[in-house]
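Counting starts at 1 for both ligands and their atoms, in listed order. The model shown is predicted, which means the values in this text are computed figures rather than measured ones.
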Amino acid sequence: MPAKILDGAALARTLRQGIAATARQLADAGVRPGLAVILIGSDPASQVYVRNKVRACAEAHIESWLCELAEDTSEEVVLAHIGQFNANPAVDGILVQLPLPPHLDAMRILEAVDASKDVDGLKVHSAGAVVTGTAGFRPCTPLGIMSMLKATGEALAGRHAIVVGRSVSVGKPIGLLLLEHDATVTFCHSKTPDLAAETRRADILIAAVGRANLITADMVKPGAIVIDVGINRKGDGKLCGDVEFEAVRQVAGWISPVPGGVGPMTITMLLQNTVHSAQMRLAP
Ligand code: GUN
């Protein structure tokens with residue numbers, strides 16, 4: 001029997017209704033949630049992502065401010081904009097769209113965001129909260145994946161999770177969140193000698209590398225939950241993930257598609273984090 005589809009788009013729609021209702025209640029109480037988005041340069045993919053985020057805010061009754069800066073904007077100017085958003089009490093969250101132009105130091109810029117407004121969860125402070133399991137913003141993509149795993153209804157405790165990829169925004173934090181839920185976690189990456197031998201042991205397989213068709217059917221344990229975080233553009237311009245979808249679908253128990261899987265959930269978690277931040281503003 002082919003795998004069940006982990007429909008991130010449908011789950012996102014349902015969750016966004018609840019987020020919008022909470023945002024409305026907050027606005028009625030005098031605290032309308034607000035997100036500032038900073039886009040530097042004219043990367044076409046980033047422009048699309050940012051437009052989607054701003055539209056999602058409007059649909060969820062979250063106010064948004066889009067700060068578009070030229071490619072050659074100096075670090076000083078970027079930091080000044082972040083400082084203004086930090087000081088503005090109507091702003092609950094600040095997102096600096098990545099990647100940044102090469103002359104800008106991403107770490108220095110992300111660190112300038114006030115920890116109470118780090119709804120993207122990419123500051124060292126937020127990473128520390130993930131490691132220690134304490135209160136703080138979790139990065140949006142891992143949070144979205146956890147929500148999708150919850151939607152399967154399957155237990156995570158004692159299951160073997162393999163994370164392929166070790167990025168700061170996805171690979172490392174999703175491994176830690178799975179560990180927090182008592183999964184046994186293995187991280188794999190470009191230096192792992194026999195990737196297929198590792199992935200075949202996975203009850204939960206997270207593919208977060210950014211290489212089209214890296215995960216083939218022979219690399220998947222029958223019945224496994226397969227989450228595809230990859231966003232790759234094929235020669236014909238269409239999007240595909242890191243997983244060979246049609247073939248793996250015949251083996252896995254659950255599989256998330258690209259597009260329509262993790263992507264919509266990432267934006268949903270950004271909205272959720274922004275609303276949580278506004279709740280903290282109302283009742284610290
Ligand atoms: N670029 C692509 N995805 C993301 C994301 O989730 N956050 C930020 N800040 N930049 C991104």
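- Looking only at protein heavy atoms, the nearest one to atom 2 (C) of ligand 1 is Gln97 NE2, 3.6 Å.
- The shortest N or O to N or O distance between Asp120 and ligand 1 is under 3.5 Å.
- Counting heavy-atom neighbours within 6.0 Å of Lys238 NZ, excluding the residue itself, gives a total of 12 or less.
- Environment of CZ in Arg211: sparse, with no more than 12 heavy atoms of neighbouring residues, nucleotides or ligands closer than 6.0 Å.
- On a distance-only criterion, Thr141 and ligand 1 share no N/O pair closer than 3.5 Å.
- Nearest protein heavy-atom neighbour of atom 1 (N) of ligand 1: Leu98 O, 2.8 Å.
- With a 4.5 Å cut-off on side-chain heavy atoms, Lys53 and Gln97 count as touching.
- The proximity of Val96 to ligand 1, defined as any non-hydrogen pair under 4.0 Å, is limited to the backbone.
- For the side-chain contact (heavy atoms from CB on, under 4.5 Å) with Ile38, the lone residue among Leu100, Thr73, Leu69 that qualifies is Leu69.
- Screening Cys140, Ser256, Ser147 for a side-chain contact (heavy atoms from CB on, under 4.5 Å) with Met265, the sole residue that qualifies is Ser147.
- In this structure, the protein non-hydrogen atom closest to atom 5 (C) of ligand 1 is Lys53 NZ, 4.0 Å.
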